[in-house]
Amino acid sequence: MKKSKKIIAVAIAAILGVTPVTAFANQRFVDTPVDHWAHDAIIYMSDSGFMEGNTAGQFMPNAPLDKFETARILARVAGFTHTNPGPAELAAINTAYSNHAPLLASMSRAFTRWNSNANREIAFLLDRGILTPADLNNFILVSSGQEQLRALSRQEATMFLVRVAGLSQQAAANVPTQLFNDNIAINATTRNYVYFMRDNGVVSADPYGNFLPNAPVSRAVLAVMTYRTMNIEGVNVPSRPAEVVLGTITSLYPTVPAIQIQSTASSIIYRTAANASIVIDGVAATFGNLVLGMEVSATVEDGQIIALVATQNQNLPQQPPPPPSETEAESVGTVPPATTHTTTLQGHVLEVTGNTILIEIRFLTPTGAIVTESMMFGTGANLTVIKANNSFPFESIIPGDIVSITVNGGVASRIEVTERERAFFGTLLERINHLNTITYVIEDRDGGLHNLIVTGQTILEREGQGPVNWNQVRIGDTLELNASGPNLVSAFAFGNRGTVEGVVNIIVLRQDLSEIVVTTATTTTTYFVTGTLDGLGTLQVGDRVRLLLDSLEIESFTILN
């Protein structure tokens, strides 16, 4: 049975003692609304450049972390410069790597799933004592000859974060005043770290007084734990050094504001700080004076441009355009300045009016921030529109279409329309019923996530049952899907009935969807209970149980101990 990627976020939120806050007014990621319990911490980690989202605009807060991804995040928190390191930073990184290259090579030989792409971050952490050689043995689990990436556990997260913060001596001297009910399950090597973090408000007990030391840590949980660790008195976390980026402006996003800079090594979009110093040809200027094609030297700190020196490209008009008026800055569509620069953008259509097209573009900044920009383009006499490799009328483009658009000076020269209709296979991770809108969270076979809306016209069927309601498609079902834009057109579900025996690790009781985490000899898996289930209230952590399953949903259970 496939292991669910959904982690019990509500339970962990309770363990961390988190209450939803809305200090930040904007929604940064599509799957992390402003009232999400970890929102502020996620924004902090994103703005600091410690954690990133994906190109679909998702932070994936409930996704578990393996040790390789954890190493990358911890290294950045500890001062590892992962983009355009300066000479001093690069020398330090190379020295750390040389110091530990033999050990890393031996790990790569020992494990076929060893991720060598994280070796420099791992070496950086080894060099600073945040990781030890013994810790590397816990990156990969070998069971029955099969290798699996090991998830970061709660007790390991406390240990690593204490080391990153430079508080190991304080943790060793800490004397806890009260023990968790499952203290015996906490490893002796991590116990001091766990209680030090509890006494400093980083972690707390669940409603049953347990710490759950072996529970996997999700991305949102690590964000909250890191955020709280940074606020412990006496914490010693190095600041990220500023870097200088040299290159050419290839895109401007006035409403963000942000700038895309093409350097010799990369093309990256940087936010511009509100108080950033901008100088063009030796004269103080504003963001609105910048023009595509300018050569720039940008000082970047924590993922934002704090100072920028630009030189007017000789192929462009010498007089920069005036800064946008307040009306232009607040308008939905921004017409790019007229230049001879040609670029290709991707997004979805908001509106087609006459000979103009308004599209929404979403892009990822270096700090993982998702920025949305609405841009309006005119159409020239030589416009080419393609759909399915055939010519397509411009007037037939409709809102919601996904397009790839080539523009020059604010005028579109080529538009390729992507098919809205698509068919694929996936696994149901979650059903969401919010404000009478039903959404299925689907993971496709390539690991991509899709949020598809179940409408009144959606056709749902399940193998052996025929037509079913939206809540009769089970979590864990394999689905054959047809979608049109954001809407689910049809889904045929393949279920999998069976039994599993194991020990209850975590229990989260809710009215609509309860979750039970069970550990067997080889796996730890989350199973679900929709609605009520006889005897569920008698189940306790530590019980050995036999579950009767329909996909990942529990139909009934027997307590074996």
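We count residues from 1, following the sequence as given.
The shortest side-chain heavy-atom distance between F68 and N117 does not fall under the 4.5 Å cut-off. Using a 4.5 Å heavy-atom cutoff, the side chains of I442 and L481 are in contact. Using a 4.5 Å heavy-atom threshold, the side chains of V296 and L246 count as separate. Taking 4.5 Å as the limit, some side-chain heavy atom of V385 sits within range of a side-chain heavy atom of V417. Contact check for E69 versus N115: no side-chain heavy atoms found under the 4.5 Å cut-off. Using a 4.5 Å heavy-atom cutoff, the side chains of I415 and F392 are not in contact. Side-chain contact check for L488 versus W470: every heavy-atom pair is 4.5 Å or farther apart. Contact annotation: the side chain of I43 never approaches that of D40 to less than 4.5 Å [non-hydrogen atoms, C-beta and beyond].
Side-chain N/O atoms of T229 and T226 include no donor and acceptor closer than 3.5 Å. S218 and N62 share no donor-acceptor pair across their side chains, judged by distance under 3.5 Å alone.
Scanning all heavy atoms of the two residues, the minimum distance from E121 to A71 falls at CB-O, 4.1 Å. Here the closest heavy-atom approach between residue H36 and residue A220 is recorded as CE1-CB, 4.3 Å. Across A118 and R72, no two heavy atoms sit closer than the pair N-NH2, 3.7 Å. Looking at every heavy atom in both residues, K67 comes nearest to A151 through CE-O, 3.5 Å. Considering all non-hydrogen atoms of both residues, R431 and V473 come closest at NH1-O, 2.6 Å. Of all heavy-atom pairs spanning G495 and R462, the tightest one is CA-NH2, 3.6 Å.
Panel note: side chain R219, backbone F59; a donor-acceptor pair is recorded below 3.5 Å. One N or O on the side chain of T379 and one on the backbone of N355 form a donor-acceptor pair closer than 3.5 Å. Panel note: side chain E147, backbone T112; a donor-acceptor pair is recorded below 3.5 Å. The main-chain N or O of A91 is never found under 3.5 Å from a side-chain atom of N94 such that the two would form a donor-acceptor pair. A donor-acceptor pair under 3.5 Å is absent between the side-chain atoms of S46 and the main chain of I42, judged by distance alone.
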Next item on the list: Any chance you could lay out the side-chain contact (heavy atoms from CB on, under 4.5 Å) test for L104 and S116, step after step, and finish with the verdict?
Entry: CA-CA 8 Å; L104 295 170; S116 298; over 6 Å; no
Notebook entry, point to check: L552 and R474: side-chain contact (heavy atoms from CB on, under 4.5 Å), yes or no, with the steps?
Noted result: CA-CA 7 Å; L552 291 177; R474 302 297 190 183; over 6 Å; no
Margin query: The test is side-chain contact (heavy atoms from CB on, under 4.5 Å); show your working for V77 and M230 and say whether it passes.
Written below: CA-CA 10 Å; V77 176; M230 299 302 99; 4.0 Å; yes
Margin query: Using the rule given for side-chain hydrogen bond (donor to acceptor under 3.5 Å, both in side chains), can you reason through T95 versus S98, listing the C-alpha separation, both sets of side-chain angles and the distance that settles it, and then say yes or no?
Written below: CA-CA 5 Å; T95 299; S98 298; over 6 Å; no
Notebook entry, point to check: Which is it for L358 and V349 under the side-chain contact (heavy atoms from CB on, under 4.5 Å) test, yes or no, and what are the steps along the way?
Noted result: CA-CA 6 Å; L358 180 66; V349 177; over 6 Å; no
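The CG atom of L290 sits 6.0 Å away from atom CG of L252, with the distance rounded to the nearest 0.5 Å. Note that CD1 of I73 and CZ of F80 are 13.5 Å apart. Values are rounded to the nearest 0.5 Å. To the nearest 0.5 angstrom, L65 atom CG is 4.5 Å from T70 atom OG1. The structure places CE of M294 at 8.5 Å from OG1 of T311, a figure rounded to the nearest 0.5 Å. Taken to the nearest 0.5 Å, the CD atom of E430 stands 8.5 Å off from the CG atom of L428. How far CD of Q472 is from CG of D477: 11.0 Å, rounded to the nearest 0.5 Å.
Of the candidates I386, N382, L383, I386 is the only one forming a side chain to side chain contact (heavy atoms under 4.5 Å, CB included) with R414.
A cation-pi arrangement is present between R120 and Y97, with the terminal nitrogen or guanidinium carbon under 6.0 Å from the aromatic centre and inside a 45° cone about the axis.
Taking the six-membered ring where the residue is Trp, Y44 and F50 present perpendicular rings, their angle passing 60° and hence far from 30°.
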